[in-house]
Each structure stands twice: as structure tokens, then as C-alpha cells.
Protein chains: 2
Amino acid sequence: MIKSSDDFMTVADGVDDADDGREIARGGGISAWRQIADDIEADISAGRFPAGAQLPTEAQLATRFAVNRHTVRRGLSELAVRGLVRATQGRGTFVEARPIRYPIGPRTRFSEIVSRAGREAGGRLLGSAVVAADARTAAALGVAEGAPVIRLDTLRSADGTPISLGSGFFPLPRFERFGDAYLAYGSITGALASRGVDDYRRLETRISARPASAEEAASLDLAPGRLLLAVDSINVDGDGTPIQFTRALFAADRTEIVVES
Amino acid sequence: MIKSSDDFMTVADGVDDADDGREIARGGGISAWRQIADDIEADISAGRFPAGAQLPTEAQLATRFAVNRHTVRRGLSELAVRGLVRATQGRGTFVEARPIRYPIGPRTRFSEIVSRAGREAGGRLLGSAVVAADARTAAALGVAEGAPVIRLDTLRSADGTPISLGSGFFPLPRFERFGDAYLAYGSITGALASRGVDDYRRLETRISARPASAEEAASLDLAPGRLLLAVDSINVDGDGTPIQFTRALFAADRTEIVVES
DNA sequence: CCTCATTTGTGCGTATGTATC
DNA sequence: TGATACATACGCACAAATGAG
């Protein structure tokens with residue numbers, strides 16, 4: 001076999017990888033890239049590649065499976081879409097961590113949830129601004145389209161791992177300078193309490209799924225194109241007045257949403 | 001430019017595709033496949049490729065954009081993951097239909113939902129069997145692990161389009177021969193009523209997202225690897241007794257789940 | 001039923017770009 | 001700066017599914 005320039009390995013490296021050349025059944029109805037993906041997935045499931053571990057390089061895998069590097073890449077991309085591994089240019093391909101649960105219910109508070117999951121809560125304000133309400137936001141908050149609302153972008157994480165990227169919209173006369181309140185109290189719940197909202201509940205939640213854009217992936221520390229759960233929700237206060245419209249993006253492979261009726 | 005065998009076109013075809021060679025900015029920081037994906041997406045959004053329409057073949061797109069067919073395929077695969085298009089071997093690549101809503105709430109009934117969305121309800125029993133309850137099912141139904149339960153596999157569709165692929169588990173002394181009841185009444189709700197359950201509600205719903213397996217994709221008439229919303233739910237009767245544990249898979253790009261609290 | 005052209009799917013080899021260390 | 005490793009792109013070839021005939 002003639003090696004491509006990419007697959008070239010030094011003689012020193014060559015001597016100790018003659019060991020485990022995995023068998024790929026050619027022409028058996030199952031494509032080579034799928035067999036490779038399944039094989040690597042089995043290694044991950046069995047713990048032979050623990051979470052955080054670096055996989056062999058694409059070139060090494062290509063020689064082990066006796067296929068072209070493109071074929072390895074096709075298999076790895078499958079595992080990447082499913083959130084099992086993640087490739088970073090110039091560094092390598094690494095095994096991703098396992099998902100945690102993220103319950104959403106009528107009384108959901110983020111800080112409660114992460115503590116319930118036995119993890120450490122974390123929320124960071126990315127920015128805050130006064131913007132004009134678009135149609136969806138206006139309808140949710142019961143204000144006129146184009147009316148000014150406060151927008152708060154937050155990144156929520158658990159154990160240092162980003163979990164959700166959220167944009168919250170709050171009606172304006174009531175929640176003036178709400179970004180400062182959030183910074184002062186460290187949580188949406190606390191900031192709302194400082195504005196006299198000591199109870200709120202979720203009125204409606206819409207859930208869809210889509211791949212992450214490049215920016216979203218960067219914020220959530222995901223590889224671009226990974227699956228997101230998009231959760232749009234409306235919170236109302238004790239009187240049923242809408243106080244918050246939120247669009248939250250969850251890394252689908254780190255999250256399971258629980259709805260308790 | 002030397003054409004590959006794949007890209008070869010007859011002279012007759014060649015004369016009328018000299019028109020719209022789209023511009024791809026090379027070396028401008030944005031990869032060619034992404035520009036192609038964006039360009040085709042814009043065409044779809046603008047209605048230049050309406051839903052159901054067949055896209056030009058990969059070879060034609062390759063000549064139009066003056067790139068290799070692989071580069072076109074990379075762009076198309078991006079659109080396919082996002083549910084905008086779907087490729088079928090031997091036929092071509094087609095624009096997919098837009099999503100519908102699928103509300104989930106305490107009083108969710110499938111037939112109500114699709115009629116509310118102005119579509120026609122449809123449910124088909126794929127099979128039914130008595131199986132041993134696994135840990136998750138046993139916990140949900142409040143039976144011992146390994147206890148016999150009835151399993152019902154159903155495919156639900158709207159307007160002929162498959163929407164969800166579901167497995168329902170029912171505790172056994174109570175729902176003996178439940179498959180026959182489903183066939184007789186044509187719906188879960190009707191079959192439950194025939195067993196004396198005239199009211200039931202959803203206790204808990206768990207939502208996650210993942211790509212479809214080959215079989216799931218086939219059942220749902222999806223291209224393999226497309227996004228699924230996986231919804232696990234527990235239904236209880238008026239007394240709060242669990243009567244049904246369901247795992248439903250929705251095509252994420254045809255569905256938006258609405259939770260009403 | 002078979003054949004054949006069309007179209008997407010898979011795989012190889014090569015080359016070069018780009019980020020990381 | 002150089003070496004490493006993933007990302008992009010071209011060209012070629014053949015497999016496999018579809019549909020027309």
C-alpha cells in the first residue's frame with residue numbers, strides 16, 4: 001500500500017503499531033466508515049477510551065483499520081454528531097463527557113436543579129441591552145411589537161461545563177436596569193425577588209432541536225454542528241402577568257429535559 | 001478544467017448551464033462548502049426551491065459552483081442535518097417540508113393535537129408483544145423488574161408523513177390483549193376507555209435529542225442520521241396509578257414540542 | 001425479468017491550508 | 001520556527017439504488 005503524505009509515519013513509530021490492526025469487512029454490506037465508528041464507539045463504551053482521553057490521530061487510526069484517512073474521518077464525524085467525541089484542529093480528537101439531567105418543570109429554578117443533580121451551579125452574564133421586541137417576544141410578554149425590552153444573555157454551567165446559553169427578555173418599565181440586579185444577586189430568581197417578584201412559574205415551554213451555529217458552539221464549548229435542544233419558555237408572576245421570555249439552548253448530549261406535570 | 005467521469009455532461013446539456021455560475025469566494029476565510037450550503041439555503045428560504053422540489057444533481061451543482069462534487073456533498077450534508085433537504089440514492093436530493101407543532105401537556109391526546117394543527121391524524125400498529133419490563137419501564141409502571149408487560153409499537157403520522165415512532169408499555173394483568181383493543185378502537189385513548197380508563201394524564205415527560213438509527217430513520221421515512229427528539233413519558237389514570245410508559249421518537253425537523261404547564 | 005442510464009454513496013490518493021504546541 | 005494534527009478540496013473510480021424502457 002502506498003501511503004499518502006498525511007499517513008506517512010516514521011520508522012520508529014511504525015514498529016510498535018503492528019499490533020492491533022482491526023478487521024474491517026470489505027464488501028459485506030456495511031460501509032467501512034460505519035464499522036470504524038461502531039468499533040471506536042465500543043472502545044469508548046467499554047472504557048478503553050475514557051472520557052477526556054485523546055484518541056489516536058486520524059492517520060494512526062487509518063493505518064490501524066487499513067483504510068484511507070478520509071474513511072476514518074467519516075466515521076469520527078458520525079461519533080462527533082452523536083456527541084461521543086470532539087475534534088479540535090491542531091490538537092486531536094477527544095472523548096466527550098457523559099450527559100447529565102436537566103429537569104424543567106413549573107417550579108424549575110436553575111440553582112435548585114444543578115444542586116439536585118449534585119453539581120455546582122454557575123451562571124455568567126454575557127451581556128445586557130435594551131432592544132426592540134420582535135413579534136415572538138412581544139406576544140410572549142404581552143407588549144407591543146417594537147416596544148423596548150431588556151435582553152439578558154447568560155451562560156449557565158455545571159462543574160465548569162457550559163450547559164445552556166440563554167437569552168432572557170423582560171418588559172421594560174418594570175425591570176429597569178435588570179442586568180445590574182442580576183449581577184448583584186447572582187441569579188435570575190434573586191434579581192426578580194429584588195423587583196418584588198417572589199414567585200413565578202413557567203407558563204409554556206416549546207422544545208425543538210437543531211445543530212449549533214459556530215457562535216453558539218463556541219459559547220457552549222461544543223464542536224460546531226453539535227445537537228442543541230432549543231427551549232423557548234414564558235414565565236409569569238403570581239398574578240399571571242408575563243415577566244420573562246427566555247430562549248435557552250442546551251447541549252443535547254449533556255442534557256435531558258424533564259417535564260413534570 | 002478537466003471534468004471527472006462523474007461530472008461529464010453531454011454537449012446538449014452543456015449549452016444551457018452556462019447561465020448561473022454562482023460565485024464562490026476562495027481563500028476568503030469561509031469554506032467553499034459553507035458558502036454553497038448558505039447559497040442553497042437562501043434559495044430554499046426565498047422559495048426558489050419550493051418544498052418537495054428536486055434540487056439539481058450534485059454533478060450539476062458542482063459545475064454551477066465550479067467545485068468538486070465532494071465539496072457540494074459536504075454542503076448538502078449540512079443542509080440535510082438541519083432538515084432542509086434530503087438525499088435519496090438513485091433518485092436525487094429534495095427540499096423537505098416545514099415543521100409542524102406537537103404540543104405535549106397534561107391532557108395530551110395525539111388525535112386532538114394533529115386535528116388542532118389542521119392535519120389528519122393517523123396511527124398504525126407496527127406490532128405488539130408481551131415482554132419483560134426493564135428497569136426503566138418497571139420503575140415507571142410501578143411493577144417488579146422482569147415482570148411481564150404488554151409492548152405496543154406504533155407509528156403516528158399526519159397527512160401521510162410519519163411524525164412519531166412510539167413504544168408503549170402497559171402493565172399486564174390489567175391490559176391483557178391490549179393490542180387487539182388498539183386495533184379495534186384505532187387509538188390508545190379508545191383502547192384505554194374500553195379497559196375502563198376514561199381519563200388519564202401525563203405524569204412526567206423526559207426529552208432528549210439524538211440522531212436516528214438506520215431502522216428508526218426507515219420507519220420515520222427520514223434520512224439516516226437525522227435529528228430525533230426522544231420523549232419518554234409516564235401516563236397515570238384518575239387514581240394516579242401508572243397505566244402507560246411511552247418512548248416516542250419525533251423527527252426533530254418536522255416537530256416542535258409544546259409543554260403547557 | 002432484465003437492461004441501462006441516472007444519481008447518490010463510498011473509498012482511495014493527493015495536495016494544501018490552518019490551528020496548536 | 002518547526003512538527004503535529006485536523007480541515008478543506010480536487011480528481012478518479014466504482015458500488016448501489018432508482019426508474020425508465
Side-chain angles (χ1 to χ4, degrees), chain A residues 1-10 12-13 24-37 54-80 85-94 214 217-218 223-225, chain B residues 1-10 12-13 24-37 53-81 85-94 214 217-218 223-225:
Chain A
M1 171 187 172
I2 301 170
K3 291 180 188 300
S4 73
S5 59
D6 257 322
D7 291 334
F8 179 78
M9 306 184 66
T10 66
D13 287 338
I24 293 295
R26 312 305 288 251
I30 300 149
S31 52
W33 65 260
R34 185 166 293 283
Q35 295 180 55
I36 291 167
Q54 179 168 11
L55 293 185
T57 69
E58 295 173 350
Q60 287 173 328
L61 290 170
T63 58
R64 271 159 180 60
F65 289 107
V67 297
N68 190 272
R69 189 168 77 96
H70 285 309
T71 308
V72 169
R73 282 178 61 77
R74 181 70 180 83
L76 286 177
S77 85
E78 196 72 9
L79 298 181
V85 305
R86 176 177 173 190
T88 307
Q89 185 174 168
R91 296 214 309 135
T93 304
F94 302 84
Chain B
M1 171 189 174
I2 301 170
K3 291 180 189 299
S4 73
S5 59
D6 255 323
D7 291 334
F8 179 79
M9 306 183 67
T10 66
D13 287 338
I24 294 295
R26 312 304 288 251
I30 299 149
S31 52
W33 65 261
R34 184 167 293 282
Q35 296 180 55
I36 291 166
Q54 179 168 10
L55 293 185
T57 69
E58 295 172 351
Q60 287 174 329
L61 290 171
T63 58
R64 270 158 181 62
F65 288 108
V67 298
N68 189 273
R69 188 166 77 98
H70 283 309
T71 308
V72 170
R73 283 177 61 77
R74 181 69 180 84
L76 286 177
S77 85
E78 196 72 9
L79 299 181
V81 167
V85 305
R86 174 176 172 193
T88 307
Q89 185 174 169
R91 296 213 309 135
T93 305
F94 301 84

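Sequence lines set the chain letters: A, B, ... in the order given, protein chains first and strands last, and positions in each chain run from 1.
Closest to the A/Trp33 side chain, of the nucleotides C/dT10, C/dT7, C/dG17, is C/dT10. When distances run from any side-chain atom of B/His70 to the nucleotides C/dG9, D/dC12, D/dC6, the shortest one goes to D/dC12. Distances were taken from every side-chain heavy atom of B/Gln89 (C-beta onward) to each of C/dA19, D/dA16, C/dC12; the shortest belongs to D/dA16.
Considering CD1 of A/Ile30 and CD1 of A/Ile24, their distance stands at 10.0 Å, rounded to 0.5 Å.
A donor-acceptor pair is defined here as one N or O able to donate and one able to accept, closer than 3.5 Å; no such pair exists between the side chain of B/Glu78 and the backbone of B/Arg34.
A 4.5 Å side-chain heavy-atom check between A/Arg26 and A/Val67 finds at least one atom pair inside the cut-off. In this structure, the side chains of B/Thr93 and B/Leu61 stay at 4.5 Å or more apart for every pair of heavy atoms.
Rounded to a whole Å, the CD atom of A/Gln54 is 10 Å from the P atom of C/dC21. The CD1 atom of B/Ile36 sits 12 Å away from the C1' atom of D/dC10 (whole-angstrom rounding). In this entry the distance linking CD of B/Glu78 with P of D/dA7 reads 13 Å, nearest Å.
Place A/Ala87 and B/Arg34 on DNA chain D by their nearest nucleotides, and A/Ala87 ends up nearer the 5' end. Ranked by how close their nearest DNA chain C nucleotide is to the 5' end, B/Arg91 and A/Arg74 are led by B/Arg91.
Within 4.0 Å of A/Arg26, counting heavy atoms only, lie sugar-phosphate atoms of the nucleic acid but no base atom.
Taking only distance into account, the side chain of B/Arg69 meets the base of C/dG9 through a donor-acceptor pair shorter than 3.5 Å. Below the 3.5 angstrom threshold, one finds no donor paired with an acceptor across the side chain of B/Glu58 and the base of C/dG9. The base of C/dG11 does not come close enough to the side chain of A/Asn68 for any donor and acceptor atom to sit less than 3.5 Å apart.
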